[in-house]
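Computed from a predicted model, the values in this text were never measured in an experiment. Naming: A, B, ... by sequence-line order, numbering from 1 per chain.
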Amino acid sequence: MRFSRMLLPTLRESPGDAEVISQKLMLRSGMIRKVAAGIYTLMPLGVRVVSKVEAIVREEMTMAGAEEVAMPFVIPAELWKESGRWDEYGKELLRVHDRHGREFCLGPTHEEVITDLARGTLRSYRDLPKNLFQIQSKFRDEIRPRFGLMRGREFTMKDAYSFHADDDSADKEYQNMYETYCRIFERCGLSFRAVEADTGAIGGRFSHEFMVLADTGEDAVASCNKCSYAANTEKAQTKKVPVSDETPFEKSIERISTPGKKSVEDVSAFLNVAPERLIKTLIYETANGPVAALVRGGFELNEIKLKQALDTAFVRLADEKTVKEVTGAPSGFAGPIGLKARLLADFSVMGMTGAVAGANETDAHVTNVSAQRDFKAEYADLRTVVEGDACPKCDGTLKIMRGIEVGHIFKLGTKYSEKLGATFLDGKGGEKPMIMGCYGIGIGRTAAASIEQNHDEAGIIWPKPLAPFDCEVVPVNVKDETVLKAGEAIYTELTKAGLDVLLDDRDERAGVKFKDADLIGIPVRVAIGERNLKDGNVEIKDRKTGVVSLVKLSETTDAVKRHFDITMGRSD
RNA sequence: CGGGGCGUGGCUCAGUCUGGUAGAGCACCGCGUUCGGGACGCGGGGGCCGGAGGUUCGAAUCCUCUCGCCCCGACCA
């Protein structure tokens, strides 16, 4: 491809609203343009990269035994009402009406449509298992779209769904997809981790997220420094600290005045006690009325865990009014003792003695509280793990890293097949719901994650498998006939050799071309300049290492090819 | 949805407080010089100052409403 013919508007500065590196570099390198909040046009260079990711995904999915389908983007409301998600999914689901007033939604995910297909086409255990995937646009009306392709409202996703006659088969496919995902992200040249995850709105029984490790990631991942345990902090657990049941705590509860001291920091500073000696009491509204959740000072309550402990779909921090009703005091003075609400407490509270808690009275706390002696709570794992917590699986400790979720696999079970009546006849003529799995990959997000991981001051450094071109040929001065001719010749030869080549044939100064080349991040650059050409040489530069070498003009193609042979394994 | 901020040539921004009829740098067009790391000179083109209403002799500037975008929070594969 010739640079002069491409729509490749590189920017010297990035638009002011760009936040993260990948977004800035995608904008600057002419890959994307914003159309509306969270909605982008992919320009030619962007299409090239995304196509590379898609090709890898398509290839690996097919090799893993899945088949490609294409489902509609506009979905009738009936299907979503059947699954119950029309009411559950919330505002993220963009609902529209057609000219007859019929209700539709823009598909944010396709369990309903695929399950509808399955119930219409799969009848017998002999038809199973099946794994069907598509690569398609999704729409989720995110509250706050941001970071360019990383968290858009419209985005491209590969989603696959599998159907099985029994758990064993479903588990095997889950494992198969797990391995396939590892191969996909390895081939994309990404440094990633598979972690245990919460299933969220998709539902299901267990799931893994594939996290690309990057400081700008929106998710936090806890991983053990000794064993293979790794989990999203939404879900990550730690060991229970055993309660020492030796000497019973003797001191009796004392009420102390703490005017205006509400937060853990305030109270601990005011009373001069460590935050770890405080019991934090949070009042939540839930589907089944208000609940008090206790956690040790310094820890953070995890709402996802709270939801699970309560087995409810809805929890929300109570507003001031509710807090007053429940505790009899303004927020900041809630405590477990004498509270007339269901009490849940994190394991970190279980062994606390001589602790400080709210007195359920304005401007007052109580001290010398003993968890075992002074109140009765249901204990559960309710807090978010922190750096240095004990690994739940071995004697190692957890460290916290940031990650970008690029893939997510779920074992769904029969949630959708039961609701939509996707059943099959087993060998004995009995009717059973199919067991399902669901496997997603964010295509654009994967490309963005790759940039987060591979860039420097000058621009993007594409790993070879995702690069929009393999090689860029730069005739330094196109007004010099010999230089231009040599450039054209090399371009033709490399193309014939099977490489995807970009020829920068623009009449621009060398500096401009080099800056653009670095920004765009094509792995290998061949520069042809007057001086080197006089000696029969051209210059080859590796974008990643920055290593520059001079080779004979006649050996250019071999030299470039060698560049690929050495490093272009399946894993790079 | 709550709090804050911003909308001025394609991009980055100044001008707004203290109303007087629109600027800079980059980008673009022409000519010349230059030509291996975002050149220079000269000459040009391009802006209903997000939109609507109001105040005023006069509004980018003041007031009201509205739309869009961004940040923090709540929320979320």
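Nucleotide B/rC75 is matched to nothing when pairs are restricted to Watson-Crick or G-U wobble geometry with both distances under 3.5 angstrom. With a cut-off of 3.5 Å on both pairing distances, B/rA22 has no Watson-Crick or G-U wobble partner at all. Figure legend. B/rA27 is base-paired to no nucleotide; pairs are counted as Watson-Crick or G-U wobble with both atom distances under 3.5 Å. The base-pairing partner of B/rA39, taking Watson-Crick or G-U wobble contacts with both distances under 3.5 Å, is B/rU33. The partner of B/rC62 is B/rG54, by the rule that a Watson-Crick or G-U pair needs both atom distances under 3.5 Å.
Minimum interatomic distance between A/Leu503 and A/Gly487 (heavy atoms only, all atoms of both residues): CD1-O, 4.0 Å.
When the shell of 6.0 Å around NZ of A/Lys262 is examined, it contains more than 12 heavy atoms from other residues, nucleotides or ligands.
Comparing the P positions of B/rC63 and B/rU56 gives a spacing of 16 Å, expressed to the nearest Å. Atom name C1', nucleotides B/rU12 and B/rG47: the rounded distance is 16 Å, in whole Å. Taking atom P in both B/rA22 and B/rU18, one finds a spacing of 22 Å when rounded to whole Å. Between B/rG20 and B/rA59, the two C1' atoms lie 10 Å apart (nearest whole Å). Using C1' as the reference atom, B/rA77 and B/rG5 are 30 Å apart when rounded to the nearest Å. Nucleotides B/rA39 and B/rC26 place their P atoms 10 Å apart, quoted to the nearest Å. Nucleotides B/rC70 and B/rA24 have their C1' atoms positioned 24 Å apart, rounded to a whole Å. Going from the C1' atom of B/rC49 to that of B/rG44 covers 23 Å, rounded to whole Å.
Under 4.0 Å is where a charged nitrogen must lie from a carboxylate oxygen, and between A/Arg146 and A/Glu218 at least one such pair does. Under a 4.0 Å N-O distance rule, the pair A/Asp381/A/Lys235 does not qualify as a salt bridge. In summary, A/Glu111 and A/Arg85 engage in a salt bridge, as defined by a charged side-chain N under 4.0 Å from a carboxylate O.
A/Glu265 pairs by the side-chain hydrogen bond (donor to acceptor under 3.5 Å, both in side chains) definition with nothing, not counting sequence neighbours.
Rounding to whole angstrom units, CZ of residue A/Arg316 and P of B/rC1 are separated by 15 Å. Distance CD1 (A/Ile39) to P (B/rC70): 11 Å, rounded to an integer number of Å. To the nearest angstrom, C1' of B/rG10 lies 15 Å from CG of A/Asp17. Atom CG in A/Leu94 sits about 19 Å away from atom P in B/rC76, given to the nearest Å. Between A/Glu142 atom CD and B/rA77 atom P there is a gap of 9 Å when expressed in whole angstrom units. Look at CG on A/Leu306: it is 16 Å from P on B/rA74, rounded to the nearest Å. In this structure, A/Leu7 places its CG atom 17 Å from P of B/rG10, rounding to the nearest Å. Separating the CG atom of A/Asp219 from the P atom of B/rC75 is a distance of 15 Å, rounded to the nearest angstrom.
Under the 4.5 Å side-chain criterion, counting only non-hydrogen atoms from C-beta, A/Ile451 is in contact with A/Trp462.
Note on A/Lys307: a side-chain N or O is less than 4.0 Å away from OP1 or OP2 of B/rC76. Taking side-chain N and O atoms only, A/Lys158 has no distance below 4.0 Å to OP1 or OP2 of B/rA77.
Legend: side chain to side chain donor-acceptor pair (under 3.5 Å) pairs involving residues 513-533 of chain A, not counting sequence neighbours, sorted by first then second residue: A/Thr10-A/Asp516, A/Arg506-A/Asp516, A/Arg525-A/Glu539.
For the side chain to side chain contact (heavy atoms under 4.5 Å, CB included) criterion with A/Val538, the lone passing option out of A/Val474, A/Ile528, A/Val560, A/Val483 is A/Ile528.
The side chain of A/Pro15 lies closest to B/rU12, out of B/rC70, B/rC75, B/rU12. Between B/rC76, B/rA74, B/rA77, one nucleotide has an atom nearer to the side chain of A/Met157 than all others, and that is B/rA77.
In this structure, A/Glu92 reaches the sugar-phosphate backbone alone: every heavy-atom distance under 4.0 Å involves primed, P, OP1 or OP2 atoms, never a base. Among the atoms of the strands shown, none is found under 4.0 Å from any heavy atom of A/Tyr439. When heavy atoms are screened at a 4.0 angstrom cut-off, A/Glu303 is found touching the sugar-phosphate backbone but no base atom.
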Query raised in the report: What string of B, S and - do you get for nucleotides 30-40 of chain B, 5' to 3', if B is base contact, S is sugar-phosphate-only contact and - is no contact with any protein heavy atom under 4.0 Å?
Result: ----BSBBBB-
